[in-house]
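In what follows, chains carry the letters A, B, and so on, assigned in the order in which the sequence lines appear, proteins first and then strands, with residues in each chain numbered from 1.
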Amino acid sequence: MRGNVAGDGGLAFAVRRRRKPGAFRVYWTLARAGFKRQAQYKLAMFAGLFTNCVFGFVRAAVMVAAVRAAGDFGGYDEGTIGAYVWLSQALLGATQFMGPQIDLVDRIKTGDVAIDFLRPIDVQLGYLATDMGRAACTFLPRGVPSIAIGAATFGLSMPSTPVAYLLGLISVLLAVALSFLCLFAVALIGFWVVEIRGIRVLYQIVGTFLAGLFVPVHMFPDWLRVVAMSTPFPSILQAPIDTLSGRAAGTDALIIVVLQGFWVLVIGLLGRVLLRAGQRRLEVQGG
Amino acid sequence: MAEPDSARVVAGTWFTPYLAVLRSRVKAQQVYRLSFATEVFSAFLIGLVEFAEVWVIFHNVKTLGGLDVDAALLLFGLSNTSFALAQVAVGHLDSLPSMIRMGTLDAYHLRPQPLLLQLVTSDISLRRLARAAVAVIVLGIGLWRNDIDWGIAPVTLIVITLISGIALFCGLFVCAAGLQFFLIDGAELTNSFTYGGSFAAMQPASVFPTPLKLLFGFAIPVAFTAYVPTIALLGLPGPPLLPAWSAWLTPLAAAWVWLLASAAWRVGTRHYQGGGG
């Protein structure tokens, strides 16, 4: 039994080793497939946009009132708080905090994930590429109109330099990748527990709060801000909002992006360790 | 000896089958203790985090929309108690799109009982009571910290508000479920008035621009579940569109939502053609 397990592992390893230098093209194809699949759900996109906007209107109304009532609301004024609200609504679809659980959860439960392990591509990077494609397809029909509607109704202040937008774009890409890597790591817990619904809800609710979805992280009392900043969550939402809205510019923006990169590496590595351990466990179970 | 017993079970009321299902649900949820414990803890944290959102805003401002932090506790307590309890009762109607997609809904159609009643009793989530607990505690603190002129009228108003509020949110969930028959891919659309409604109900409606006041005051009247009763209890005047005295009209708001819900449910179930199984 044990020998058999090692043999299978060795085979999978050998298959993976045979990867050609053109691996990038495989991931590019996966990303495009993710994009195309998402593009099928036209009504879902409209539904997402509509719901984003309803929440956006309510949140913006409350936040603008709060800015007016407070003398100093974390350095926000009406224009910048509007940008914060609408950018966060725009990024929600891409970062998938509120979305359905990722496919991997079911594949672990049913054991289909074993097939993923046999494929000659890296499981984590393969899923990541597909999700980046999906995210790109939510950002265009859902994110951009959200920002446009916010700009039309509330008047957002946005930066005027191309550098800010370039950094913002990199920041958004890192945020989407980080968000997925976190969901991936959460899904892998399924190797050890039967039902991860409770854990996922926990991740969703604590994550969105600490990411700064409801109230900007800058508004947190000091101790809570320290707690938030020691987690990857602000890098998923507050960071891309700050760089894209121009709240953080120049060196500050650069530091934010570097910090996001740091979290991508840490959570990515955590995912790989969990995946390895889960793979061993799965093979012991499945023989 | 055992015969009379079983005979009595067979001859139960119309509700007996539902009661049996509910009892089995309650038992089933307690079997996987660890899973149940994490879910209860998660639900408790949801309540806590929702409260933290309100708390962080009032950490930065003194008053919002004419309400101070004590009034905000009352607002949060009222709206969230109603919503959380409605979610315990019917929140699982949310899973209707996946039931339609998987074809599992058809099984319910085969049984000689009303579909909605079957679905409602199909899954009562005990874990969600933990979220309601947070809301009830906040409501208690809100009632204690505010300067309410206690008497028959405020007590009656609170009871009417809670009952109507629960009914109103239940109606919104049913309304959403009825629309799911048309919106299988676009299920998220209805989140805008179920979860969006609950979110809007937690805010002081006085900060809303007029279109939002009309939307959440009259079309989807969630403002009646908490904001209007709050200003009535505190003796505040309230904005022109939503005067304090209208708090007594909350049952009417719930009735309006149920009118919408029953229409949506009827149209939806008639439209449903089966899962093709």
Side-chain angles (χ1 to χ4, degrees), chain A residues 40-74 76 93 98-100 153-154 193-210 213-221 224, chain B residues 32 34-50 52-66 97-98 127 131 182-197 199-209 211-213 215-216 220:
Chain A
Q40 301 301 315
Y41 298 104
K42 303 238 164 28
L43 184 61
M45 272 187 250
F46 171 74
L49 173 62
F50 185 85
T51 306
N52 275 173
C53 286
V54 171
F55 272 90
F57 285 129
V58 176
R59 290 182 54 206
V62 173
M63 283 296 160
V64 167
V67 167
R68 280 185 194 149
D72 174 48
F73 197 72
Y76 282 103
M98 299 295 195
T153 51
F154 278 83
V193 299
V194 179
E195 179 61 62
I196 68 157
R197 188 169 70 170
I199 296 166
R200 201 181 75 91
V201 172
L202 197 66
Y203 169 82
Q204 195 172 330
I205 198 76
V206 175
T208 43
F209 179 64
L210 294 181
L213 174 62
F214 301 103
V215 187
V217 177
H218 309 295
M219 309 305 307
F220 288 2
L224 192 59
Chain B
Y32 295 101
L34 182 67
S35 177
F36 184 67
T38 58
E39 289 193 350
V40 168
F41 182 65
S42 299
F44 179 74
L45 263 181
I46 291 177
L48 220 54
V49 165
E50 286 210 311
E53 293 158 33
V54 175
W55 172 74
V56 170
I57 290 183
F58 279 91
H59 178 79
N60 290 285
V61 298
K62 286 271 167 291
T63 62
L64 188 65
S98 69
R127 68 200 151 89
R131 180 183 177 179
F182 298 93
L183 295 170
I184 303 190
D185 267 354
E188 211 187 331
L189 194 69
T190 57
N191 286 1
S192 56
F193 59 84
T194 50
Y195 298 95
F199 181 62
M202 285 177 0
Q203 317 299 338
S206 42
V207 305
F208 291 161
L212 282 189
K213 272 198 196 107
L215 178 64
F216 293 116
I220 306 165

Does any heavy atom of chain A fall under 4.5 Å from the side chain of B:Leu212, the backbone, both, or neither of them?
side chain

Please find the pair of heavy atoms, one from B:Phe199 and one from A:Arg59, that lie closest to each other, and give the distance.
CE2-CG, 3.4 Å

Assert top hit (heavy-atom pairs under 4.5 Å, partner chain A, pool B:Pro204, B:Ser206, B:Ala52) equals B:Ala52

Among A:Val67, A:Val54, A:Val193, A:Val62, who wins on heavy-atom pairs under 4.5 Å with chain B?
A:Val62

With the side chain counted from C-beta on, respond yes when A:Val58 and B:Phe216 share a heavy-atom pair under 4.5 Å apart, and no when they do not.
yes

Inter-residue atom distance A:Leu224.CG - B:His59.NE2, 0.5 Å rounding:
9.0 Å

Using heavy-atom distances under 4.5 Å, tell me whether A:Arg200 contacts chain B through its side chain, its backbone, both, or neither.
neither

Under a 4.5 Å heavy-atom cut-off, does chain B meet the side chain of A:Phe220, its backbone, both or neither?
both

Go through it in stages, so that I can follow the logic: the residues are B:Val56 and A:Phe209, the test is side-chain contact (heavy atoms from CB on, under 4.5 Å), and I'd like the CA-CA distance, side-chain angles, deciding distance and then a yes or no.
CA-CA 11 Å; B:Val56 170; A:Phe209 179 64; 4.2 Å; yes

Closest contact, heavy atoms only, A:Ala70 versus B:Asn60
CB-O, 3.6 Å

Heavy-atom closest pair, residues A:Phe50 and B:Ser192:
CE2-OG, 3.5 Å

Using non-hydrogen atoms and a 4.5 Å limit, figure out which bit of B:Leu48 sits close to chain A: side chain, backbone, both or neither.
neither

Can you check whether A:Met63 reaches B:Ile57 side chain to side chain, under 4.5 Å on heavy atoms?
yes

Would the distance check show the side chain of B:Asn191 and the main-chain N or O of A:Thr51 forming a donor-acceptor pair, the cut-off being under 3.5 Å?
no

So what's closer than 4.5 Å to chain B heavy atoms on A:Val215: side chain, backbone, both or neither?
side chain

Looking only at A:Gly48, A:Pro221, A:Ala69, A:Ala61, most heavy-atom pairs under 4.5 Å shared with chain B are made by A:Pro221

With a 4.5 angstrom heavy-atom cut-off, could you sort out which part of B:Ala37 is near chain A: side chain, backbone, both or neither?
neither

Side chain, backbone, both or neither: which part of B:Phe58 has a heavy atom under 4.5 Å from chain A?
neither

Do you know which two heavy atoms are closest between A:Ala65 and B:Val207, and how far apart they sit?
CB-CG1, 3.5 Å

Mind checking whether B:Leu215 and A:Phe57 have side chains closer than 4.5 Å, heavy atoms only?
no

Bottom line for A:Leu49: the part with an atom under 4.5 Å from chain B's heavy atoms is neither

